[in-house]
There are 2 protein chains.
Amino acid sequence: MSNTPQRVPDTKERILDAAEKLFGQNGFTATSLRDITAEAGVNLAAVNYHFQTKESLFEAAIARRMEPVNRRRIELLDAAGANPTLEQILLAFLSPLFVRHPNEAIGLMSQILATPDSFVRQLFKKHLAGVVNRFVEALQQALPNLTRTEILWRLHFTAGSMAHLMARGSVLPEISEGLCNPSDRPAVLARLVTFAAAGFRADAWGGDAGLGGEAA
Amino acid sequence: MSNTPQRVPDTKERILDAAEKLFGQNGFTATSLRDITAEAGVNLAAVNYHFQTKESLFEAAIARRMEPVNRRRIELLDAAGANPTLEQILLAFLSPLFVRHPNEAIGLMSQILATPDSFVRQLFKKHLAGVVNRFVEALQQALPNLTRTEILWRLHFTAGSMAHLMARGSVLPEISEGLCNPSDRPAVLARLVTFAAAGFRADAWGGDAGLGGEAA
DNA sequence: GTCTATAGGTTGATAGAC
DNA sequence: GTCTATCAACCTATAGAC
């Protein structure tokens, strides 16, 4: 009876849940430890007892969600076999970000992209470098006409579309006057994969394609 | 002699320059007015005298760069004539963001996307709603097979690629081990337009294209 | 318009009782 | 492990001399 499946979250976990929610909504600096402890219903001193500093709490909150996402990405890529299609590769990379977590962990990870401080960039690199290399290899195999440089650029563009979706998807119903509905996740994922796959399949830019400076 | 071309910036302008630089680098909440006045070499009270509050200083800094960008976007779209190509439309939308400003104003505007507070979203909408409508119309004309919904989604994806480039382009040389060089702006712009144009030209997703849940 | 000084509030982190 | 109480530092904004 000490670890029943439906146990009540302990203090440490409650802090992580609240941190994930509030950091994800408002970012690192705009969220105070007092906001977090109030949301979690725990004492202020508990956060320092369990996590020492605000920074390491942020790291812990990110790592808790990032690790399963990256594990799932590799799983899906492996499951697609030795010669995955472009769509399979993109789905393996993107779909683990579309699962719904209790506190919308997605917002938290989108904040990583928006936090300029160096410690967050290091953390991002630490958690993603290996995964990115694995996916670049798969993409090179699926798109032999593209250089590694070109693939890295296009993966960056794709990650940007995804990050923007996570960070700002909620404003889309407003600016589209109801036409775009980000809460239909399978449809959004399919749209993103369609868009990115076509972008990846475009002929590589060869130095100048008449797009030099400006239009006209 | 009161308004010679190479005048020295006055206090108000020095504050705006410093605010643009620091807000762009570190975001709104992580930047204090003391950081800004120190960078500008002016007194702390000057910022309240000229801009009242920190929030309205942020708004002023954004508006100063946003307005010329949006004016240039419309100019370029108009200059492309009555039936612009997809590439001309995308260049009109994206290229004004690639001009170099003294303090890298681009970082500032990428922070808008990363700032969750409602006042920034309103400000973003206020400055962009009209421009977006104009570009959606042009895109619909160039891509008659796409619904307005589909165009809005793909414009959102494109804006995400652009925003990610502005906000996180500086990490690309690191994670690409030198392969990707974001400082070659014409090349980056051409790559982004190539990628986005192919994405826009993809067949519309019709409800389910075998990309339902996950890979495999 | 520009300064000094300071009010008034919030923050992250810790000390120490229980 | 969890609490109360508190410290020292920082913040935005303003009042008032010049």
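Basis for what follows: all heavy atoms, side chains included, without hydrogens, waters or symmetry-related copies. Convention: sequence-line order gives letters A, B, ...; per-chain numbering from 1.
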Between A:Asn43 and D:dT4, is there a contact of a side-chain N or O with OP1 or OP2 at under 4.0 Å? yes
A:Thr11 side-chain N/O to D:dT2 phosphate OP1/OP2 under 4.0 Å: yes
Can you tell which of [options] lies closest to the side chain of [X]?
{"X": "A:Arg34", "options": "C:dA15, D:dA15, C:dT11", "answer": "C:dT11"}
{"X": "B:His50", "options": "C:dT2, D:dC3, C:dC3", "answer": "C:dT2"}
{"X": "A:Leu33", "options": "C:dA13, D:dC3, D:dA15", "answer": "C:dA13"}
{"X": "B:Thr53", "options": "D:dT14, D:dA13, D:dT4", "answer": "D:dA13"}
{"X": "B:Tyr49", "options": "C:dT4, C:dG1, D:dA13", "answer": "C:dG1"}
{"X": "A:Ala45", "options": "D:dT4, D:dA13, C:dA13", "answer": "D:dT4"}
{"X": "A:Lys54", "options": "C:dA13, D:dC11, C:dT4", "answer": "C:dA13"}

Just how far, in rounded Å, is [atom2] of [N] from [atom1] of [X]?
{"X": "A:Lys12", "N": "D:dT2", "atom1": "NZ", "atom2": "P", "result": "11 Å"}
{"X": "B:Asn48", "N": "C:dA5", "atom1": "CG", "atom2": "C1'", "result": "14 Å"}
{"X": "A:Arg14", "N": "D:dT2", "atom1": "CZ", "atom2": "C1'", "result": "12 Å"}
{"X": "A:Glu13", "N": "D:dG1", "atom1": "CD", "atom2": "C1'", "result": "16 Å"}
{"X": "A:Leu44", "N": "C:dG16", "atom1": "CG", "atom2": "P", "result": "17 Å"}
{"X": "A:Phe51", "N": "C:dG12", "atom1": "CZ", "atom2": "C1'", "result": "16 Å"}
{"X": "B:Gln52", "N": "C:dG1", "atom1": "CD", "atom2": "C1'", "result": "14 Å"}
{"X": "A:Ile36", "N": "C:dT10", "atom1": "CD1", "atom2": "P", "result": "17 Å"}

Looking for any heavy atom pair under 4.0 Å, which part of the strands does A:Thr31 touch: base, sugar-phosphate only, or nothing? sugar-phosphate
Sidechain N-carboxylate O distance under 4.0 Å for [X], [Y]:
{"X": "A:Asp78", "Y": "A:Arg73", "result": "no"}
{"X": "B:Arg64", "Y": "B:Asp17", "result": "yes"}
{"X": "B:Glu75", "Y": "B:Arg72", "result": "yes"}

Show, in sequence, the C-alpha distance, side-chain angles and deciding distance for A:His164 and B:His164, and conclude whether the ring-ring contact (aromatic ring centres under 6.0 Å, His included) test is met. CA-CA 8 Å; A:His164 194 210; B:His164 193 209; over 10 Å; no
A cation-pi test, strictly: NZ or CZ of A:Lys12 under 6.0 Å from the centre of the six-membered ring of A:Tyr49 and no more than 45 degrees from its axis. Yes or no? no
